[in-house]
Amino acid sequence: LFPLEWPNGVKAAFAVFAVASASGGEAALFSVDCAFANYGFFSSTFYALSMFKAMLPFAVLLLTGVYWNGLKRYHVYKSGDTRERHYRRYMVVSCVVVLFMLHITLIKTALALFTCTSPIDGGEGVGLHSFLKADTRIECFAGGHVAWAYGLGGFMLVCYALGIPFAAFVVLRWAHKRGLEQWQPIFGFLYSSFKDSCWYWECVVAFRKALFAAAAVLLQPKGVDIQA
């Protein structure tokens, strides 16, 4: 409506703010696709991103341990007090929270390695072929995709999709036998919202979320009606 002529400095500021506030991917300060395109180890940037997400829990847990141990050492250095002061408890709580926060993201990443398009007829002598939904340059279950799907995808499904809720169930069962009250500061957020007899219910919720994530990813080629 108003043909305003902004000064160059103001235009530059608007450009910076547009990048900083972008949430839909139309602008970004850093492109993972461009970064991995310079490395020939990965035949697809999708494989590179999947590997990055698979290693993310290990990296985050390592950084969490480094942070709390560093904070403990700093406290000892400043005060000379060598008492525990619950740093180990804080570290365990942080690790459990991080794993549950990443759970759904890891499931979707693993399932995306198995999600293919509907078979496409390539004509006489070619036959039907399906391609990976996340990267249609990759033919499903042919060539290197088999190793990536069953190697990385299978690892993530076993260790993360099933492993995180199962490990939480084992730990909560162990804590329940010894009295949940004494473990409230560490694992309380997993069971304090439920009745004492339903101490395991958060694990059930995690499995249910995993099923919803599986439906959202694996049934995506079938359309919204089938997903619902």
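Side chains included, hydrogens not; waters and symmetry mates left out as well; all remaining heavy atoms used. Values in this document were obtained by computation on a predicted structure and should not be read as measured data.
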*Asks:* To the nearest 0.5 Å, what is the distance between CZ on Arg88 and CD1 on Ile186?
*Replies:* 10.0 Å
*Asks:* Could you give the distance from NZ (Lys53) to CG (Leu106), rounded to the nearest 0.5 Å?
*Replies:* 9.0 Å
*Asks:* To which residues is Leu62 joined in a hydrophobic cluster, defined by side-chain heavy-atom contacts under 4.5 Å among Ile, Leu, Val, Met, Phe, Trp and Tyr, whether direct or through other members?
*Replies:* Val66
*Asks:* Consider only side-chain heavy atoms of I, L, V, M, F, W and Y, link residues closer than 4.5 Å, and tell whether Met101 and Phe58 are in one cluster.
*Replies:* yes
*Asks:* State yes or no: do Phe166 and Leu190 share one hydrophobic cluster built from I, L, V, M, F, W and Y residues joined by side-chain heavy-atom distances below 4.5 Å, directly or via other members?
*Replies:* no
*Asks:* Under a 4.5 Å side-chain heavy-atom rule over Ile, Leu, Val, Met, Phe, Trp and Tyr, are Val158 and Leu99 clustered together?
*Replies:* no
*Asks:* Quick one: hydrophobic cluster around Leu63, which other residues, with the 4.5 Å side-chain cut-off, linked directly or via members?
*Replies:* none
*Asks:* Any idea which heavy atoms bring Met91 and Gly65 closest together, and the distance?
*Replies:* SD-CA, 3.4 Å
*Asks:* What are the two closest non-hydrogen atoms of Ser50 and Thr109, and how far apart are they?
*Replies:* CA-CG2, 3.9 Å
*Asks:* If I compare all heavy atoms of Glu139 with all of Ser130, which pair ends up nearest, and what's the gap?
*Replies:* CG-O, 3.5 Å
*Asks:* Could you list the donor-acceptor pairs under 3.5 angstrom formed by side chains in residues 198-218, with sequence neighbours left out?
*Replies:*
none

*Asks:* With sequence neighbours excluded, give me every disulfide (SG to SG under 2.5 Å) pair touching residues 127-177.
*Replies:* Cys116-Cys140
*Asks:* Going by heavy atoms in the side chains, are Ser192 and Gln184 under 4.5 Å from each other?
*Replies:* yes
*Asks:* State which residues pass ring-ring contact (aromatic ring centres under 6.0 Å, His included) with Phe141; sequence neighbours excluded, sorted by chain then number.
*Replies:* His145, Tyr150
*Asks:* Using residues 169-182 as the side-chain source, report each donor-acceptor pair under 3.5 Å to any protein atom, sequence neighbours left out, with the distance given to one decimal.
*Replies:*
from   : atom 1 : to     : atom 2 : distance (Å)
Arg178 : NH1    : Trp174 : O      : 3.2
Gln182 : NE2    : Arg178 : O      : 2.4

*Asks:* Can you tell me if Phe155 has over 12 outside heavy atoms packed within less than 6.0 Å of its CZ?
*Replies:* yes
*Asks:* Applying side chain to side chain contact (heavy atoms under 4.5 Å, CB included), name anything that partners Tyr67, two or more places apart in sequence or on another chain.
*Replies:* Leu71
*Asks:* Using a 4.5 Å cut-off on heavy atoms from C-beta on, say whether the side chain of His129 contacts that of Ile120.
*Replies:* no
*Asks:* Nearest 0.5 angstrom please: Leu113 CG to Leu132 CG, how far?
*Replies:* 6.5 Å
*Asks:* Under the side-chain hydrogen bond (donor to acceptor under 3.5 Å, both in side chains) test, which residues partner Ser94, sequence neighbours left out?
*Replies:* Trp68
*Asks:* Which pairs count as salt bridge (Lys or Arg N to Asp or Glu O under 4.0 Å) when at least one residue sits in residues 91-111, sequence neighbours excluded?
*Replies:* none
*Asks:* Could you label the plane-to-plane angle of the Tyr90 and Tyr87 rings as parallel, tilted or perpendicular, counting under 30° as parallel and over 60° as perpendicular?
*Replies:* perpendicular
*Asks:* Run the side chain to side chain contact (heavy atoms under 4.5 Å, CB included) test against Tyr77 and tell me which residues pass, sequence neighbours left out.
*Replies:* none
*Asks:* Would you say the side-chain atoms of Tyr160 pair up with the backbone N or O of Ala54, donor to acceptor, closer than 3.5 Å?
*Replies:* yes
*Asks:* Is there a side-chain contact between Ile138 and Trp148 (heavy atoms, below 4.5 Å)?
*Replies:* no
*Asks:* Output all residues satisfying side-chain hydrogen bond (donor to acceptor under 3.5 Å, both in side chains) with Asp135, sequence neighbours left out; order by chain, then residue number.
*Replies:* Ser44, Arg137
*Asks:* Do you know which of Val96, Ile104, Leu102 makes side chain to side chain contact (heavy atoms under 4.5 Å, CB included) with Phe100?
*Replies:* Val96
*Asks:* Could you pull out the closest heavy-atom pair between Ala110 and Gly153, with the gap in Å?
*Replies:* CB-O, 3.8 Å
*Asks:* Report the residues that fulfil side chain to side chain contact (heavy atoms under 4.5 Å, CB included) with Val60, sequence neighbours left out, ordered by chain and then residue number.
*Replies:* Leu56, Thr64, Val98
*Asks:* For Lys133, is there any backbone N or O sitting under 3.5 Å from a side-chain donor or acceptor partner on Thr115?
*Replies:* no
